[in-house]
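What follows is a single structure, written as structure tokens, with notes after it.
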Amino acid sequence: MTLRLYNSMGRTKEDFVPREAGKVSMYICGPTVYNHIHIGNARTFLSFDLIRRYLEHRGFDVAFVQNITDVDDKIIRAAAEAGVTAAEVASTYSDAFLKAMADLGVEKPTAQPRATETIGPMIEMVERLIERGHAYVVDGDVYFAVRSFTGYGKLSGRDIDDLESGARVGVDERKNDPLDFALWKSAKPGEPHWTSPWGEGRPGWHLECSVMSEMELGVPFDIHGGGSDLIFPHHENEVAQSEAATGKPFARYWLHGGMLNINAEKMSKSLGNFTLLKDVLEAYPAPVLRLLMLQTHYRSPLDFSTERLEEASTAYERFANMVRMITWLRDRPAPGIGAGVADREALQTVVTEVRARFAADMDDDFNSAGALGALFELARAANGFLSANETVLSAPDLDVLGDAAATVIELLGVLGVDLPAGETGPSLPVGVIAIAAEVAGYSGDDTSAAMDALLEARAAARADKDWARADAVRDGLAALGVRVEDTAAGPRVIVSEN
RNA sequence: GGCGACGUCGCCAAGUGGUAAGGCAGAGGCCUGCAAAGCCUCCAUCCCCGGUUCGAAUCCGGGCGUCGCCUCCA
């Protein structure tokens, strides 16, 4: 089976053949750290985390580089507004970004260069571009001459002349051509600056990624990714800079993630319709947010809403319940006579088929929505088996069920969606002791013994058909976030995460 | 105005030539003392029109609509 992916350069799905067998080098544009990231930013980072995880699952050794842009106009502006230095703004929000990625469960990059730590190589690339006739100096600024690079526009599918007639490009008299962009900007008083052959200044945004990717990975590297809004001009300019400077192709595959919308409109800081990631994570666990994102293909636009988060929560519970139930059953004796061999084999077959579908879907340009569909079907098959055989389960039955649950855990894990860890989840709240004292006459101080006493009291009450007393136990526990569910194998206790 | 993407059940969404996955919501049923969880059944012919084909949601043409990029933006 070959892995196929959609290459923005050429706009077609292609077989993925890495530069070096078994290894993948990828570079993803990181954030400009002038604020907390919003969930639209988070979507892109989750998409590329998915891609990375799947490549690793497929056995590739992945070099994953993501920059942090810690010097930029926006940072300078934010600093001025807050009355602090640009370096302080950058430091605050790069820490916040790293924490956000950790909270989301995004795997750490193998390298995470910062613009301010890469100034030397950036100056070198600008010098190379000037030497080769692709850039020119005006009053301490350096511009890239777009018309000097014949391939300009090949990534975004634009024609230079069309762009110029677009008339939305700001005219700067000092530029030879309105489309020329800054490689190096001279510093105004109070702005961060570094010494260069053209005077004190700072690098242009597009330059950073060209330099950091080449520095970490060499060119051409395999995959360059980012949000689709970066295709033009950011990535187009990167191609121009890097290929003009090195004379070699830059990135072999360009992958772009779809935008996250709110009310069918792109979420962005400039539109003011954004929701910060940290606020979402306060209300919903990271796996739920991930599940929501994964139910849409990474290249498609995704409409975000609280309703969808609620739906994703319900869907997530479906997986969690299935795994929890099977894990719980496997921890207890299974003296039943067993389901029919045919039933067991049928479930085993579903496991095998689902694994194959998962792989086929993910191999097809990382179709996580299709892959998730397969996993939901496996959950239904396992639940159905359970439902049909719950009173006769045998050890071999539990083995097959265990295989189904393990498959769900493993493959969701490949997608980065972690499930609550079965019975090793949160421990019982101390409140159960008080309830046990009140309802079951328990006098110790051990939560586990208190719970046993409560379950015993409830079983006795149910045997006596004393529903009020039985419900007092269940309702009292529910108030503490402890659920009691009656199953064919006895009452099952579930402690919620919070 | 230029370039591009998209339009599939109430909502979300996969499927790119062989007869519509999945999730959420809804209806009915089963299980339960009641619940919860779960199971079963039901629930679309794919924006419109025309064409190609034995056969199209899938290809082509024309509409209509939505969105993105063209300026900083994940």
Side-chain angles (χ1 to χ4, degrees), chain A residues 8 11 13 28-32 34 37-48 72-74 77 153 156-159 161-170 179 205 225-234 236 256-261 264-271 274 291-292 295-297 299-303 305 307-308 310-322 324-325 357 361 364 367-377 379-388 390 461-462 465-467 470-471 474-475 478 483-488 491-492 494:
Chain A
S8 303
R11 296 200 193 91
K13 248 184 226 180
I28 308 304
C29 288
T32 298
Y34 69 103
I37 64 165
H38 60 61
I39 50 175
N41 302 317
R43 184 189 182 202
T44 297
F45 302 139
L46 284 172
S47 293
F48 287 102
D72 178 82
D73 292 355
K74 291 187 171 188
R77 200 179 312 138
S156 57
R158 278 154 219 272
D159 183 85
D161 298 315
D162 285 345
L163 282 167
E164 299 210 336
S165 64
R168 291 183 63 187
V169 182
L179 292 174
W205 176 46
S228 59
D229 54 348
L230 297 186
I231 294 174
F232 189 91
H234 186 54
E236 192 68 63
H256 289 100
M259 294 293 98
L260 183 139
N261 296 155
E265 232 180 12
K266 177 182 165 184
M267 175 177 288
S268 73
K269 287 170 185 162
S270 46
L271 285 175
F274 59 92
L291 193 61
L292 163 57
Q295 282 185 287
T296 299
H297 186 95
R299 281 193 285 111
S300 301
L302 183 158
D303 218 48
S305 67
E307 291 70 40
R308 295 208 57 193
E310 285 298 324
E311 289 176 11
S313 291
T314 308
Y316 177 70
E317 277 307 307
R318 194 168 163 71
F319 283 129
N321 284 329
M322 173 244 172
R324 218 185 261 134
M325 182 68 182
R357 273 181 54 196
D361 282 335
D364 182 15
N367 182 357
S368 58
L372 272 175
L375 293 181
F376 276 114
E377 285 182 41
R380 178 150 45 79
N383 284 332
F385 179 91
L386 211 46
S387 162
E390 58 185 349
R462 294 181 74 207
K465 296 193 189 299
D466 182 353
W467 309 130
D471 289 344
R474 195 172 60 196
D475 296 344
R483 241 157 73 202
V484 179
E485 298 186 353
D486 295 315
T487 76
R492 184 163 73 106
I494 301 158

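All of these numbers come straight from a predicted model, not from anything done at the bench. Chain identifiers are assigned alphabetically (A, B, ...) following the order of the sequence lines, protein sequences preceding nucleic acid strands; residue numbering begins at 1 within each chain.
In this structure, of B:A37, B:G2, B:A74, it is B:A37 that holds the atom nearest to the side chain of A:Glu485. In the set B:A14, B:G38, B:C12, B:A14 carries the atom at the smallest distance from any side-chain atom of A:Ser300. In the set B:A74, B:A35, B:U16, the nucleotide with an atom closest to the side chain of A:Asp364 is B:U16.
Nucleotides B:G55 and B:G68, compared at atom C1', are 36 Å apart to the nearest Å. Rounded to a whole angstrom, the distance from the P atom of B:C6 to that of B:A13 is 14 Å.
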Give me, pair by pair, the N or O atoms of the protein and of nucleotides 19-23 of chain B that are less than 3.5 Å apart, along with how far apart they are.
from: B:A21; atom 1: O2'; to: A:Glu377; atom 2: OE2; distance (Å): 2.3
from: B:G22; atom 1: OP1; to: A:Arg380; atom 2: NH2; distance (Å): 3.1
from: B:G23; atom 1: N2; to: A:Glu311; atom 2: OE1; distance (Å): 3.4

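Along RNA chain B, the nucleotide nearest to A:Gly258 and the one nearest to A:Asp361 differ in position, and the one closer to the 5' end is contacted by A:Asp361. A residue-by-residue look at A:Leu386 and A:Asp229 shows that A:Leu386 has its nearest nucleotide of RNA chain B further toward the 5' end.
Among the heavy atoms of the strands, none lies under 4.0 Å from A:Ser228. Within 4.0 Å of A:Ser387, counting heavy atoms only, lie sugar-phosphate atoms of the nucleic acid but no base atom.
Computed from coordinates, the A:Glu307 CD to B:G26 P distance equals 14 Å when rounded to whole Å. When rounded to the nearest whole Å, the span between CG of A:Leu230 and C1' of B:C70 equals 14 Å. Between the C1' atom of B:C67 and the CG atom of A:Asn261 lies a distance of 7 Å, rounded to the nearest Å.
Partners of A:Arg357 by side-chain contact (heavy atoms from CB on, under 4.5 Å), not counting sequence neighbours, listed by chain and number: A:Ala374, A:Glu377.
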